[in-house]
Amino acid sequence: MKSDQRLFNFSSGPATLPEPVLREAQRDLFMLPGVGMSVMEISHRSKAFDGILEDAEATLRDVAGIPDSHAVLFLQGGASLQFSMLPMNLLPPGQSADYVITGVWGQKAIAEAQKAGTVRVAGTTEPDGFRRVPRQDELQLDPAAAYVHVTTNNTIYGTQWPTMPLTGDVPLVVDASSDIFSAPMDVARFGVIYAGAQKNLGPSGVTLVVIRKDLLSRSSKALPTMLNYAVQAANGSRYNTPNTFGIYILGLVARWMQGEGGLEAIGRRNVRKAGTLYAEIDRTGFYRGHADRDARSLMNITFRLRDEALDEAFATDATREGLDGLKGHRSAGGLRASMYNAFPEAGVETLVQFMREFERTHG
Ligand SMILES: *Cc1c(COP(=O)(O)O)cnc(C)c1O
């Protein structure tokens with residue numbers, strides 16, 4: 001590997017950004033055209049930044065089909081702060097919220113919600129080692145719940161809901177940090193969609209929250225101001241200074257998504273990329289996938305070698321070949337290839353070549 005060459009970055013997040021976005025940001029970093037200052041130096045209340053934020057929101061609404069019924073918020077604190085902010089806003093005293101647990105992030109989400117109010121586990125696949133997600137008939141949903149919380153894609157275990165569960169009139173709230181806008185999404189169906197930007201949307205430090213506007217009326221005035229969705233919405237995500245640079249990059253990524261043909265085209269490419277890798281994992285038995293086939297994630301592909309003692313050597317050798325970040329999460333072990341929207345198809349092909357060579361020399 002040459003030291004001046006970009007690696008294929010399989011990291012789970014922060015993750016690969018589209019090259020044209022990096023190039024444009026680099027070109028304009030010193031001075032935004034027509035502005036005479038860097039995006040990092042302008043006031044978050046300036047005309048120039050008004051334009052950047054409005055453009056980011058409008059482009060995102062266009063490419064992802066976010067309807068007027070939903071507000072778009074650019075917050076901070078990552079998806080992890082949403083674990084607290086959600087129940088603080090949407091879970092009134094005397095009601096309870098349903099959580100479906102399909103991995104570590106769902107466990108963390110419910111642990112925070114417990115501090116804010118009453119919660120129920122409406123389903124879990126922990127007894128199955130989080131290799132799958134529940135079937136609809138396994139869920140025990142409370143028709144009076146304040147909301148149902150689901151993790152759409154389990155970044156660590158490499159599972160993904162093939163379709164969202166039906167929750168009737170109860171708002172469906174999802175942590176979509178690791179698969180947001182990786183395929184067309186019927187946004188109108190959701191009460192809340194939230195995601196840390198650093199996997200599929202931009203740099204870390206911005207959290208996207210898409211929330212059905214009628215739910216904003218649940219936010220109590222007693223909440224800390226910064227943690228109040230209604231205040232954030234009324235102030236256009238600028239109650240205080242937002243992550244201006246992050247919002248700028250997110251806008252560029254949204255424009256890149258449009259240019260790639262939108263979520264339909266991006267979704268097809270994601271199916272192709274993951275399909276290529278799963279086919280190699282399944283080819284001979286030398287590799288073994290972690291997730292059950294019908295719950296396999298298109299974003300985070302988790303696998304091991306049949307001889308687990310070789311996992312480490314695989315990751316080390318791969319890094320030497322310019323394939324970076326393949327070591328699995330510390331709580332799941334094994335290997336993980338994260339391939340979000342911006343991850344190039346050439347990277348998957350290179351990984352498959354490497355896997356064949358590794359099998360030839362170690363099989
Ligand atoms: C990465 C991730 C998180 C944590 O995100 P932060 O922005 O670091 O707080 C939460 N949920 C899921 C599903 C994730 O993939």
Side-chain angles (χ1 to χ4, degrees), residues 9-17 73-88 99-113 115 123-126 130-134 147-162 164-165 172-183 185 190 192-210 226-227 232 237 242-243 245-247 249-250 253 270 274 290-291 295-302 325 327-332 336-343:
N9 176 9
F10 290 93
S11 167
S12 59
T16 304
L17 284 165
L73 307 177
F74 300 108
L75 306 181
Q76 300 191 50
S80 300
L81 185 59
Q82 293 309 306
F83 297 164
S84 305
M85 197 165 165
L86 252 172
M88 288 169 82
Y99 278 71
V100 183
I101 311 300
T102 50
V104 170
W105 294 116
Q107 288 174 323
K108 290 194 171 175
I110 195 172
E112 294 306 313
K115 300 176 188 175
T124 176
T125 50
E126 187 171 11
F130 293 129
R131 280 185 168 77
R132 62 183 193 93
V133 298
Y147 59 83
V148 180
H149 182 282
V150 169
T151 315
T152 55
N153 181 75
N154 298 283
T155 325
I156 294 173
Y157 293 97
T159 63
Q160 188 174 23
W161 291 73
M164 284 291 102
L172 175 60
V173 165
V174 293
D175 175 0
S177 291
S178 52
D179 68 349
I180 190 163
F181 306 148
S182 61
M185 195 173 180
F190 295 85
V192 180
I193 302 167
Y194 68 90
Q198 67 272 18
K199 284 153 190 161
N200 239 340
L201 298 174
S204 61
V206 191
T207 314
L208 180 72
V209 176
V210 178
M226 279 294 290
L227 300 182
Q232 293 288 1
S237 304
N243 179 349
F245 182 73
I247 293 167
I249 298 289
L250 198 140
V253 171
N270 287 332
H290 174 80
R296 282 176 160 178
S297 170
L298 300 184
M299 300 280 99
N300 311 97
I301 286 114
T302 46
K327 200 165 152 42
H329 186 273
R330 59 191 183 278
S331 62
R336 172 176 58 176
S338 298
M339 304 192 295
Y340 303 114
N341 289 351
F343 188 86

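Numbers here simply count residues along the sequence, with the first being 1. All ligand and atom numbering here is 1-based and tracks the order in the structure. Hydrogens, waters and symmetry mates are skipped; everything else that's a heavy atom, side chains included, is used.
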Spacing of CE belonging to Met185 relative to CZ belonging to Phe190, to within rounding of 0.5 Å: 4.0 Å
Interatomic distance, Leu208 atom CG to Phe74 atom CZ [nearest 0.5 angstrom]: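 Answer rounded to 0.5 Å: 6.0 Å.
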As an exercise, identify every atom of ligand 1 less than 4.0 angstrom from a heavy atom of [X].
{"X": "Ser178", "value": "15 (O)"}
{"X": "Phe83", "value": "10 (C)"}
{"X": "Thr151", "value": "13 (C)"}
{"X": "Gly78", "value": "7 (O), 9 (O)"}

Smallest separation among heavy atoms of Thr207 and Gly78, with atom names: OG1-N, 3.0 Å
Heavy-atom pair of closest approach, residues Ser338 and Ser11: CB-O, 3.4 Å
Donor-acceptor pair, side chain of Gln232 and main chain of Leu227, under 3.5 angstrom: no
Results of side-chain contact (heavy atoms from CB on, under 4.5 Å) for Ser182 - residues two or more places apart only: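 side-chain contact (heavy atoms from CB on, under 4.5 Å) list for Ser182, sorted by chain: Gln160, Asp179, Asn200, Asn270, Met299, Asn341.
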Closest protein heavy atom (residue, atom, distance) for atom 9 (O) of ligand 1: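 Nearest protein contact, heavy atoms only, for atom 9 (O) of ligand 1 is Ser80 OG, 2.6 Å.
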Closest protein heavy atom (residue, atom, distance) for atom 5 (O) of ligand 1: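 Among all protein heavy atoms, the one nearest atom 5 (O) of ligand 1 is Ala79 CB, 3.5 Å.
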Stepwise side-chain hydrogen bond (donor to acceptor under 3.5 Å, both in side chains) check, Asp175 with Thr151: CA-CA 5 Å; Asp175 175 0; Thr151 315; 4.9 Å; no
Identity of the nearest option to atom 11 (N) of ligand 1, non-hydrogen atoms only, from Asp175, Leu81, Val104: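 Comparing heavy atoms across Asp175, Leu81, Val104, the nearest one to atom 11 (N) of ligand 1 lies in Asp175.
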Working for side-chain contact (heavy atoms from CB on, under 4.5 Å), residues Ile156 and Trp105: CA-CA 8 Å; Ile156 294 173; Trp105 294 116; 3.8 Å; yes
Whether Gln198 lies under 4.0 Å from ligand 1, heavy atom: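 It does; at least one heavy atom falls under 4.0 Å.
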Sub-4.0 Å heavy-atom contact, Lys199 with ligand 1: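 Yes.
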Contact partition for Thr207 relative to ligand 1, non-hydrogen atoms under 4.0 Å: neither
Polar atom proximity, Asn153 to ligand 1 (N or O, under 3.5 Å):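 No, since none of the N or O atoms of Asn153 sits under 3.5 Å from an N or O of ligand 1.
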